[in-house]
J.: 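Got a structure here, written out as structure tokens. Questions coming.
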2 protein chains.
Amino acid sequence: MLNTFDTTTALMCKALGHPARLAILRQLLHEDRCICGRIVEVLPLAQSTVSQHLKVLRDAGLIRGDVEGPKTCYCADRARLADLATALADLLSASEKKR
Amino acid sequence: MLNTFDTTTALMCKALGHPARLAILRQLLHEDRCICGRIVEVLPLAQSTVSQHLKVLRDAGLIRGDVEGPKTCYCADRARLADLATALADLLSASEKKR
DNA sequence: TGGTTTAATCGTAAAAATACGATAAATGAT
DNA sequence: ATCATTTATCGTATTTTTACGATTAAACCA
């Protein structure tokens, strides 16, 4: 009754299920690439908290982070986000067929 | 930096951010309408727990529940789910334009 | 009316999430 | 080599989530 689809989709949804993380993702989509410090500037949260949120997003596969010297440059994984949007749309369309 | 979009979208994502709730939604999409007891049959969770998950989904606007005598008949709000899929897709396409 | 069925709510325990400051680790600059 | 910058991680307190059994409330049936 709960399958792989559920757990991976739920993981992504869960990652987006916090306003701060959604804001972080939007920031990354907007600026394309940015370092942790930039996000700390924009959000009213401590550096350690932002770092924690970035980890959640990364673990869900929604963003990637390249270490560049002492900095880490983050960017959104657009394909994964597209996958999620598709997964939700598919959930709907699969059930439409049998109506 | 965190707006209405973020909070409402995050609320829906958060509701979907648990495998059991995703399974419940899928069940409702599949069977179109079903009562709480039916979901309890399908999931390995206690009645009170299922009821709690149904409340979370309802508060997020993803499902609706009609009281029918002693039973409550739940159904998925397809429009809201479509809205979420669209919101995520828009998030992407809005950022594509400026690349 | 009394008993049954159904679902919500209450109370509660355990686990997870959230936020922070402090610290550590790594790199770059002087 | 030392110092500054940047980010991850640690430790921790607080809040929230999750799950359960027990109880309540409402409606139906006999």
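Proteins come first, then strands; the chains are lettered A, B, ... in the order of their sequence lines, and each starts at number 1.
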J.: Is there a side-chain contact between A/Ile39 and A/His53 (heavy atoms, below 4.5 Å)?
T.: no
J.: For B/Lys14 and B/Arg21, which heavy atoms make the closest approach, and how far apart are they?
T.: O-NH2, 3.4 Å
J.: What is the separation between atom CG on B/Leu43 and atom C1' on D/dC20, rounded to the nearest whole Å?
T.: 15 Å
J.: Grab the CG-P distance between B/Asp66 and C/dA8 for me, whole Å please.
T.: 12 Å
J.: Would you call B/Thr72 and B/Val67 a side-chain contact if the rule is heavy atoms closer than 4.5 Å?
T.: yes
J.: Test side-chain contact (heavy atoms from CB on, under 4.5 Å) on A/Asp66 and A/Arg33 and set out the steps.
T.: CA-CA 10 Å; A/Asp66 308 345; A/Arg33 329 186 77 237; 3.2 Å; yes
J.: When you check the phosphate oxygens OP1 and OP2 of D/dT6, does a side-chain N or O of A/Tyr74 lie under 4.0 Å from one of them?
T.: no
J.: To the nearest Å, give me how far apart CG (B/Leu54) and P (C/dT6) are.
T.: 16 Å
J.: Tell me, do B/Leu54 and B/Ile24 make a side-chain contact under 4.5 Å, heavy atoms counted?
T.: yes
J.: From CG of B/Leu22 over to C1' of D/dT18, roughly how many Å is that when rounded to an integer?
T.: 17 Å
J.: Look at all strands and tell whether A/Ser51 reaches a base, only sugar-phosphate, or nothing, counting heavy atoms closer than 4.0 Å.
T.: base
J.: Starting at CG of A/Asp59 and ending at C1' of C/dA16, how long is that distance when rounded to a whole Å?
T.: 15 Å
J.: Nearest whole Å is fine: how far is C/dA7 P from B/Lys71 NZ?
T.: 7 Å
J.: Indicate yes or no: does A/Arg78 engage A/Asp32 in a salt bridge with an N to O separation below 4.0 Å.
T.: yes
J.: May I ask you to test the B/Leu81-B/Leu25 pair for a side-chain heavy-atom distance under 4.5 Å?
T.: yes
J.: For the pair made of CD1 in A/Ile39 and C1' in D/dA8, what is the distance, rounded to whole Å?
T.: 14 Å
J.: Output every pair passing side chain to side chain donor-acceptor pair (under 3.5 Å) with a member in residues 79-88 of chain B, not counting sequence neighbours, ordered by first then second residue.
T.: none
J.: Over its full length, what angle do the end axes of the helix from C/dT1-D/dA30 to C/dT30-D/dA1 make, each axis taken from five pairs and the result rounded to 10 degrees?
T.: 20°
J.: Can you build the contact string for nucleotides 17-30 of chain C? Use B for base contact, S for sugar-phosphate-only contact, and - for no protein heavy atom under 4.0 Å.
T.: SBBBBB----SS--
J.: Between B/Lys55 (NZ) and C/dT6 (C1'), how many Å, whole number?
T.: 18 Å
J.: Answer yes or no: is there a side-chain heavy-atom contact under 4.5 Å between B/Leu57 and B/Leu16?
T.: yes
